[in-house]
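As structure tokens, the structure follows; a few thoughts come after it.
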2 protein chains.
Amino acid sequence: MVRKPARSGIKPDAKATSTRKPNMREAILAAAEELFSTYGFNAVSVRDIAQAAGANPGSVTYHFKTKDGLLLEIYRRHCGPMNRRRSELLAEARRVRDLQDRLEAIVRAYVLPAFTSGSDLAGGGTRFTRLRAIMSAEGNEVVRKIIAQTFDDTSHALIDAIHESLPHIPRTDLVWRGHFLLGALYYTLVTPERVSRLSRGSADGTNAGHAIEELVRATVAALQAARLDQPTPVPRKTASANPGRALT
Amino acid sequence: MVRKPARSGIKPDAKATSTRKPNMREAILAAAEELFSTYGFNAVSVRDIAQAAGANPGSVTYHFKTKDGLLLEIYRRHCGPMNRRRSELLAEARRVRDLQDRLEAIVRAYVLPAFTSGSDLAGGGTRFTRLRAIMSAEGNEVVRKIIAQTFDDTSHALIDAIHESLPHIPRTDLVWRGHFLLGALYYTLVTPERVSRLSRGSADGTNAGHAIEELVRATVAALQAARLDQPTPVPRKTASANPGRALT
DNA sequence: TGAATATTTGGACGACAGTACAAATATGGT
DNA sequence: ACCATATTTGTACTGTCGTCCAAATATTCA
């Protein structure tokens with residue numbers, strides 16, 4: 001790990017009181033999720049995780065075989081409930097009559113489950129989404145597969161629902177704007193203190209409620225934007241930088 | 001680096017043919033920038049960089065002392081020109097008469113220099129901004145200092161300029177929306193292939209020109225959005241979910 | 001209970017990390 | 001040519017990494 005962990009209180013002490021099950025596996029998962037979502041995958045070692053969970057490094061290997069396997073299991077835990085919740089809210093949102101309200105509900109259906117996970121209520125959804133944000137930047141191969149398999153359906157459903165409500169806007173534009181939504185969401189979870197700093201304290205970046213409201217408001221407005229009727233036809237010559245090569 | 005380097009024992013021979021100036025320092029900087037912006041800081045080793053630059057690992061230490069020092073120098077190279085360009089374009093933008101055009105110009109003044117660096121024309125700006133995006137997710141300590149020192153001024157200038165053009169919108173809201181802009185920008189540079197995939201090929205995420213146009217259009221619309229209360233005064237209950245809890 | 005199984009432990013392995021350093025070499029001014 | 005300096009090289013040091021494994025311990029069920 002890059003910084004010293006300062007010994008966060010993830011100790012599995014006092015376990016025998018209520019539950020007869022120590023369930024080291026769960027403790028390891030929780031510790032890994034917390035550490036990965038804070039420092040990133042590459043910066044956290046298996047030993048860091050084991051120590052935070054009060055377990056032996058060998059135990060991690062026993063339960064999850066590899067470090068990638070551990071990450072995979074974390075994703076498996078959250079993806080199902082989160083996307084199920086999104087589907088429910090999206091179906092609800094589609095039935096809203098007023099266009100403006102419907103759009104807002106659709107965006108909310110996508111954003112809300114990213115902050116509140118179904119199973120874990122203590123900021124679990126936020127933690128997992130922050131993890132997703134970090135992983136998208138670090139570019140882990142295991143994650144890339146999961147995303148294409150699991151999240152693309154949800155994203156398509158979002159875009160389709162929006163397109164239904166805004167049929168006059170090209171689908172391609174909506175893909176872009178939905179992409180920007182996810183980027184804004186990720187960035188807010190990764191660097192919330194930046195909002196507090198730039199607003200000189202008048203906004204709290206770590207307040208999920210505020211973040212959601214601002215994000216929904218901005219996104220609904222962006223989605224409804226018409227094409228610019230090209231006051232400047234093509235970006236200036238300086239914007240010649242088109243890396244034809246593949247990124248990532 | 002994540003993948004195995006295959007350990008080719010071949011040495012960088014035949015270097016003295018054309019140019020009489022090896023300038024290994026520059027080669028190391030270029031290689032490090034390329035590798036860091038592709039795989040992240042933690043995933044790339046000093047040895048990876050040295051090999052990519054055709055240099056000896058000790059040479060990296062000689063020129064930049066530490067790995068962090070190398071990263072620091074990369075930032076130093078780009079921050080000055082990029083922010084100077086932003087200031088120029090921003091001053092230009094402020095003088096535009098029409099409100100809509102002015103807003104657009106202001107946003108462009110912030111976005112364009114992120115894609116086209118002053119010195120390097122072959123996608124250098126894009127590469128550096130992608131690096132910044134990855135670093136913001138990985139959370140390096142050295143970078144955090146640079147950002148607070150160097151980029152906050154630029155961000156404040158952007159927000160102030162927008163606030164001048166949209167005085168009826170609370171500054172706090174503009175901070176949020178500017179934050180979303182940066183998040184969207186970062187995410188587009190980090191995962192451009194996602195746009196191509198979700199649009200089923202009808203949009204090219206790696207095309208900087210398109211990305212800029214879409215980003216500017218969406219951002220201008222988002223910036224002008226009024227509070228949700230104003231246009232539709234009806235409080236709704238459709239999106240039943242209730243956010244309100246703190247995160248992190 | 002005792003046997004079968006599941007889990008935990010502590011240590012080991014080879015690979016690779018960042019950095020340091022003396023020797024070798026290249027460079028530039030006189 | 002010479003010397004002083006700048007750079008490059010090869011290697012070595014000390015950690016830490018992910019993973020493995022045999023022994024120890026806990027758990028479950030006949």
Side-chain angles (χ1 to χ4, degrees), chain A residues 1-5 11-13 15-16 19-32 35-36 39-74 138 140-142, chain B residues 1-32 35-36 39-74 138 140-142:
Chain A
M1 186 152 25
V2 174
R3 325 183 208 7
K4 291 291 160 256
K11 277 336 269 290
D13 50 287
K15 60 198 163 190
T19 53
R20 280 302 301 154
K21 243 176 133 200
N23 218 351
M24 204 43 109
R25 194 186 141 95
E26 294 301 319
I28 292 170
L29 271 173
L35 290 175
F36 285 159
Y39 303 105
F41 182 76
N42 293 329
V44 174
S45 72
V46 172
R47 286 170 175 83
D48 289 333
I49 297 165
Q51 181 178 340
N56 190 286
S59 232
V60 177
T61 306
Y62 171 74
H63 284 290
F64 306 99
K65 197 62 185 170
T66 67
K67 195 183 171 192
D68 275 341
L70 177 53
L71 181 66
L72 192 64
E73 182 57 27
I74 293 175
E138 282 194 336
N140 183 281
E141 195 52 44
V142 175
Chain B
M1 187 140 36
V2 174
R3 322 186 209 354
K4 293 282 166 277
R7 260 306 178 205
S8 73
I10 321 284
K11 292 270 101 179
D13 50 289
K15 56 193 165 192
T17 49
S18 54
T19 55
R20 278 314 290 161
K21 208 151 160 238
N23 213 351
M24 209 38 115
R25 193 187 143 95
E26 295 301 319
I28 291 170
L29 271 173
L35 290 175
F36 285 160
Y39 302 104
F41 182 75
N42 292 330
V44 173
S45 72
V46 172
R47 286 170 175 83
D48 290 332
I49 297 165
Q51 181 177 338
N56 190 284
S59 232
V60 178
T61 306
Y62 170 75
H63 284 291
F64 306 99
K65 197 62 185 170
T66 67
K67 196 183 170 193
D68 275 341
L70 176 51
L71 182 66
L72 192 64
E73 182 57 27
I74 293 175
E138 282 193 337
N140 183 280
E141 195 52 45
V142 175

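So that the names make sense, note that chain A is the first sequence line, chain B the second, and so on, each numbered from 1.
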Looking at A27(A) and A53(A), what are the two nearest heavy atoms and their distance? O-CB, 3.6 Å
Shortest non-hydrogen contact from E73(A) toward L29(A): CG-CD2, 3.8 Å
d([atom1], [X]; [atom2], [N]) in whole Å:
X: D48(B); N: dG18(C); atom1: CG; atom2: P; value: 8 Å
X: N140(A); N: dG18(D); atom1: CG; atom2: P; value: 13 Å
X: N42(B); N: dG18(D); atom1: CG; atom2: P; value: 12 Å
X: H63(B); N: dG18(C); atom1: NE2; atom2: P; value: 18 Å
X: I49(B); N: dC16(C); atom1: CD1; atom2: C1'; value: 15 Å
X: K65(A); N: dC20(D); atom1: NZ; atom2: C1'; value: 8 Å
X: R47(A); N: dG10(C); atom1: CZ; atom2: C1'; value: 11 Å
X: N56(B); N: dT19(C); atom1: CG; atom2: P; value: 15 Å

May I ask you to evaluate whether [X] reaches the phosphate of [N], defined as a side-chain N or O under 4.0 Å from OP1 or OP2?
X: T66(A); N: dG18(D); value: no
X: S45(B); N: dA17(C); value: yes
X: S59(A); N: dT8(C); value: yes

Contacts of P57(A) and Y62(A) projected onto DNA chain C by closest heavy atom; the upstream (5') one is Y62(A)
Non-hydrogen side-chain atoms of F36(A) and I49(A) separated by less than 4.5 Å: yes
Of L70(B), N140(B), L35(B), which is the lone residue that meets side chain to side chain contact (heavy atoms under 4.5 Å, CB included) with F41(B)? N140(B)
